[in-house]
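Counting convention: from 1, in listed order, for ligands and their atoms alike.
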Amino acid sequence: MRVGLLTGGGDCPGLNAVIRAAGRRVMTRGGEVVGVRDGWKGLVEGLFEPLGPREISGLLPRGGTIIGTTRTNPFKVDGGVEKVLDTFRNAELDALIAIGGEDTLGVAARLYEEHQFPVVGVPKTIDNDLSATDYTFGFDTAVSVATEAIDRLHTTAESHNRVMVVEVMGRHAGWIAVYSGIAGGADAILIPEQPVVYDEIAEALRKRHARGKNFSIIVVSEGTELPGLEDSGELDAFGHVTLSHRNVGETIAREIESRTGFETRVTVLGHVQRGGTPTPRDRVLATRYGLKAAELALAGEFGNMAALRGDDIVAVSLDEATAELKTVPPEWYAVAQAFFG
Ligand code: F6P
């Protein structure tokens, strides 16, 4: 059996660990592994890379993806879907393991549904916003990077009596903000799922300062809706609004400083959250996902995704996995709120 491996969307720590694990399992069962370069673009344009035992070794600690990634959506490319189907057939592939988030797996789900394309999925994203799995790999590393940053900002905030605003990624889900904010002891956490009222935040910080705590940490998720903030309307190939220029951190800092008079600084963590080596937890999760995806592909159980349920790795349908975004429920936010102000 010839199995293609593809990584799509934003990269994240653990992609190479999946490639290693899936590759190992396919090879030990007598199959062949082919890397599809640069996400779905590789299947539109026929970009391949043979992956043998040498190529897939030494990958566990390595960040990024050795086969490259793009945000190409074949459904938005002229004749893109036909090209994907032709390229796949011409390369004599029998199965594809697509490692990606909502967008990459959304394409996989449609190709399976509409063309019986032999694909299985692996849930990747630092945003942790995929339904049908408890966690995506990459999330733990992003939370760990953000938490370390918050810890470091704490000491300098305290020395200077400042408010520190930390902007984290997460797109339309506040998971990274909530987890790193709770772990780092943030005094306010702002996420897309919750409305923002500047006066309430300012009041909470004033009370805190009145108690003798002359510094504060505010964690804000990049996709947070702010009063008066209009999105530019710039869309990517999957129709998502580009969030990188929203400047939510700067806006909040300005509003808080003008209301409280407390000196405020901003740190935007950006792609640091996605780079570098995966945490042990992400390496293990990625490894388990890779093995499961290979088994599903070898058994011809297409249209499924490897998922974490409790402590078990199970198969769920790609349809279920991509039906809706998993956002932060109010009870999770309440855990964070218990420590605000
Ligand atoms: O989906 C992962 C993610 O890192 C989001 O958190 C972020 O909004 C987006 O990708 C950034 O995308 P890009 O790498 O294209 O700037």
Side-chain angles (χ1 to χ4, degrees), residues 6-16 18 38-41 63-65 67-73 76 98-108 121-131 133 135-147 149-150 166-181 189-193 219-226 229 231-251 267-279 282 285-286 305 321-322 324-328:
L6 169 158
T7 54
D11 71 339
C12 88
L15 283 165
N16 288 325
V18 178
D38 304 337
W40 292 111
K41 180 172 183 242
T65 162
I67 50 177
T69 184
T70 59
R71 293 193 191 275
T72 303
N73 180 356
K76 288 282 156 62
I99 311 162
E102 180 211 355
D103 298 333
T104 305
L105 298 182
V107 170
V122 176
K124 162 244 67 157
T125 168
I126 63 164
D127 304 336
N128 197 37
D129 58 356
L130 266 180
S131 292
T133 187
Y135 291 94
T136 54
F137 75 85
F139 173 64
D140 187 62
T141 307
V143 168
S144 153
V145 170
T147 304
I150 294 168
V166 191
E167 183 182 317
V168 299
M169 282 184 165
R171 215 143 77 170
H172 303 296
W175 289 110
I176 298 177
V178 165
Y179 263 68
S180 62
I189 301 174
L190 313 179
I191 60 173
E193 294 86 342
V219 177
V220 58
S221 185
E222 61 179 355
T224 302
E225 301 297 336
L226 297 180
L229 189 146
D231 282 307
S232 69
E234 199 188 322
L235 303 179
D236 67 16
F238 288 89
H240 300 297
V241 174
T242 308
L243 300 178
S244 45
H245 306 301
R246 297 180 85 228
N247 295 329
V248 290
E250 284 293 346
T251 309
T267 302
V268 180
L269 292 183
H271 293 79
V272 168
Q273 294 159 97
R274 264 175 33 194
T277 194
T279 58
D282 272 338
L285 187 58
M305 180 187 88
T322 54
E324 57 179 304
L325 275 193
K326 185 179 72 183
T327 51
V328 177

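Applying the side chain to side chain contact (heavy atoms under 4.5 Å, CB included) test between Trp175 and each of Asn128, Thr136, Asp127, Ile126 identifies Asn128 as the sole match.
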Can I get a per-line list of side-chain donor-acceptor pairs under 3.5 Å for residues 99-108, giving both atom names and the distance, sequence neighbours left out?
from	atom 1	to	atom 2	distance (Å)
Glu102	OE1	Arg171	NH2	3.1
Asp103	OD1	His240	NE2	2.8
Asp103	OD2	His240	NE2	3.2
Thr104	OG1	Gly8	O	3.3

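Sorted by chain then number, the residues whose non-hydrogen atoms approach ligand 1 to under 4.0 Å are Arg71, Ile126, Asp127, Met169, Gly170, Arg171, Glu222, His271, Arg274.
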Exercise. What do the steps show when you test Phe137 against Leu15 for side chain to side chain contact (heavy atoms under 4.5 Å, CB included), and what is the final call?
Worked result: CA-CA 8 Å; Phe137 75 85; Leu15 283 165; 3.8 Å; yes
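Inter-residue side-chain proximity for Ile176 and Gln273 is flagged as met; some heavy-atom pair is nearer than 4.5 Å. With a 4.5 Å cut-off on side-chain heavy atoms, Thr69 and Asp38 do not count as touching. Between Met169 and His271, some side-chain heavy-atom pair lies under the 4.5 Å cut-off.
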